[in-house]
Amino acid sequence: MAAVTPAQTITDELRRWIVSQAEAGCPPEEMVAAMCRSGWAEAAALQALEDSLRAQLRVVAAERQAAALPAGPMPEPDLANGPSLLMVDGHPVQVLLSMQRPRLVLFGNLLSADECDALVEQARPRLLRSETVDTATGGSEVNTARTSDGMFFTRGESALIEGIERRLATLLRWPVERGEGLQVLHYRPGAEYRPHHDYFDPEQPGSAAVLSRGGQRLATLVIYLSTPAAGGATVFPDVGIDVAPVKGHAVFFSYDRAHPSTRTLHGGAPVLAGEKWVATKWLREGRFE
Ligand code: PD2
Ligand code: ZN
């Protein structure tokens, strides 16, 4: 049995450990005994077990409900015939990996090396410390969970941007007007983006303002504009997937509901050496003006 966190707080890591042990058939008394050996009081360990497993039951119930619901149209590449190469507006894009839950596709050569370099050079003079949406107000704020620099292009603002947006719209079969402007992020060594979901939580008071402009986010495309020497993977902790950043590659993932059951929790692992540049495209339910 793997080691457990030696603390009395129920961290996400501890929750995942409890769920994985339970799924592997470990009896509850063995989990409690392991936690007690790591310094937990027995009553607190029992409570942590109960809370974590109840929360997991709610996730499973929501997943079952979601599976029974007819989904609306979603951004989605045409992989019906299992292609390893897609010709998109005359540009060859490799399909390197496709999985269903989370819905995730890894593309190769989505952008050429020259397109990546040109995007970086157009973004560089406009970079500012990245901000995230303040869930209370809907405004944006500097956040220690995101230590990159970033900027947004306006849709169609240059011939380069317009061409890339057209290619993404064709690839994902989603109109340009239903996409946010491309965001470029720059991570230096040590910079990271801690795990989060990209959809807006409808329960948060600040979400109304962002949802009023184009509706919910349905999908994300993270395009790698550089290959850092080490680190900087885009990680999906719910499913244990680390996508290595490779210049020109892109990871696409979609979420048909604003819920963790989509398994789209993801983050940018710290860059260990070199620099990481990405361009992110978010696709919305409605027109984003
Ligand atoms: O740069 C990344 O790998 C990354 C990770 C998580 C980007 C985003 N999220 C994002 O732009 O939302
Ligand atoms: Zn993200």
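Each ligand, and each atom within it, is numbered from 1 in the order the structure gives. These numbers were taken from a predicted model, which means no experiment stands behind them.
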Would you say the ring centers of Y255 and H197 fall short of 6.0 Å from each other?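 That pair fails the under 6.0 Å test.
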Between [X] and [Y], does at least one N-O distance fall below 4.0 Å, as a salt bridge requires?
X: R126; Y: E157; answer: yes
X: D12; Y: R15; answer: yes
X: E13; Y: R16; answer: no

By the definition salt bridge (charged side-chain N to carboxylate O under 4.0 Å, His left out), identify the one residue from R287, K281, R217, R155 that meets it with E180. R217
Enumerate the side chain to side chain donor-acceptor pair (under 3.5 Å) contacts for residues 236-254, please, sequence neighbours excluded, ordered by first and then second residue.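 Qualifying pairs: D117-K247.
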Distances under 2.8 Å only: what protein N/O/S atoms are near the Zn ion (ligand 2), ordered by chain and residue?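 Listed by chain and number, the atoms are H196 NE2, D198 OD1, H266 NE2.
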May I ask you to decide if the ring planes of W277 and H186 are parallel, tilted or perpendicular, using 30° and 60° as cut-offs? parallel
Tell me which pairs pass salt bridge (charged side-chain N to carboxylate O under 4.0 Å, His left out) where either residue lies in residues 166-176, with sequence neighbours left out.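 Matches after skipping sequence neighbours: E115-R167.
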Give the residues near ligand 1 by chain and number, with the criterion being a heavy-atom distance under 4.0 Å. Q183, L185, Y187, Y193, H196, D198, T234, H266, G267, G268, K276, V278, T280, W282
How long is the span from the CD1 atom in I164 to the CG atom in L119, to the nearest 0.5 Å? 4.0 Å
